Amino acid sequence: MNMVGIGIDLVDVDRLEKTLGQHARMKDRLFTPAEIAYCESKRRPGMHYAGRFAVKEAIIKALGRAVPWKEMEITNDERGKPAAALSGKALDLLGADRVLVSITHTESHAVAQAVIVAD
């Protein structure tokens, strides 16, 4: 396994919650319907939006280029482990086999890391 790219991001949960609250359409521009459903099912949706936003930013850094937000969908496997599904331009830029992601958050911050690997 060879590492092709790496990215990390830190998001202030309160700041993202405030931004999403002030700009009604922003949620739909940044997140897929499945991501919105997942986050809204949680006790504090803002923490989970922040985590997913941080992963997307980390992926952009790992790719080295901006891509459309909805071409990166952050999911969870059956054990809750986060995963990234890329499509469109994001998938074309990947140039590797997969993206490994990790998210952690507290009440105030979310941190995510993305590693692009080729097998």
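Being a predicted model, the structure only gives us computed values, none of them experimental.
- Checked against salt bridge (charged side-chain N to carboxylate O under 4.0 Å, His left out), Asp92 has no partners two or more places apart in sequence or in another chain.
- Sorted by first and then second residue, the side chain to side chain donor-acceptor pair (under 3.5 Å) pairs with a member in residues 50-63 read Asp9-Lys61, Glu35-Lys56, Arg52-Asn76; sequence neighbours excluded.
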Do any side-chain atoms of residues 63-71 form donor-acceptor pairs under 3.5 angstrom with protein atoms, and if so which ones, sequence neighbours left out?
| unit_1 | atom_1 | unit_2 | atom_2 | d |
| --- | --- | --- | --- | --- |
| Lys70 | NZ | Asp28 | O | 2.7 |
| Glu71 | OE1 | Lys89 | N | 2.7 |
| Glu71 | OE1 | Ala90 | N | 3.0 |

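- Partners of Ser41 under the side-chain hydrogen bond (donor to acceptor under 3.5 Å, both in side chains) rule, at least two apart in sequence or in another chain, do not exist in this structure.
- The closest side-chain heavy-atom distance from Tyr49 to Glu40 is below 4.5 Å.
- Grouping the Ile, Leu, Val, Met, Phe, Trp and Tyr side chains by contacts below 4.5 angstrom, directly or via other members, places Ile8 apart from Ile59.
- Between Val117 and Asn2, every side-chain heavy-atom pair lies at or beyond the 4.5 Å cut-off.
- Hydrophobic clustering of Ile, Leu, Val, Met, Phe, Trp and Tyr side chains at less than 4.5 Å, counting indirect connections, unites Val4 with Ile60.
- Linking Ile, Leu, Val, Met, Phe, Trp and Tyr whenever their side-chain heavy atoms come within less than 4.5 Å puts Leu20 and Phe53 in one cluster.
- You'll find the side chain of Ile74 reaches within 4.5 Å of the side chain of Ile103, heavy atoms only.
- When all heavy atoms of Ala62 and Gly7 are compared, the closest pair comes out as CB-N, 3.7 Å.
- Grouping the Ile, Leu, Val, Met, Phe, Trp and Tyr side chains by contacts below 4.5 angstrom, directly or via other members, places Tyr38 apart from Phe31.
- The two residues Ile6 and Gln113 make their nearest non-hydrogen contact at CD1-NE2, 3.2 Å.
- A distance of 11.0 Å separates CG of Asp14 from CE of Met47, quoted to the nearest 0.5 Å.
- Nearest heavy atom pair, residue Ala54 against residue Ala110, reads CB-O, 4.2 Å.
- The side-chain heavy atoms of His109 and Leu10, taken from C-beta on, include a pair separated by under 4.5 Å.
- Criterion: ILVMFWY side-chain heavy atoms under 4.5 Å apart, direct or through other members. Under it, Met26 and Met72 are part of a common hydrophobic cluster.
- With contacts defined as side-chain heavy-atom distances shorter than 4.5 Å, the pair Ile116/Met3 does not qualify.
- Applying the salt bridge (charged side-chain N to carboxylate O under 4.0 Å, His left out) rule to Arg15 yields no partners; only residues at least two apart in sequence or on another chain are considered.
- Looking at Thr32 and Glu73, their side chains do bring a donor and an acceptor atom within 3.5 Å of each other.
- By the 6.0 Å contact criterion, CZ on Arg29 is enclosed, its count of non-hydrogen atoms from other residues, nucleotides or ligands being greater than 12.
- Using a 4.5 Å heavy-atom cutoff, the side chains of Val101 and Pro82 are in contact.
- Partners of Arg43 according to the salt bridge (charged side-chain N to carboxylate O under 4.0 Å, His left out) rule, which considers only residues two or more places apart in sequence or in another chain, are Glu107.
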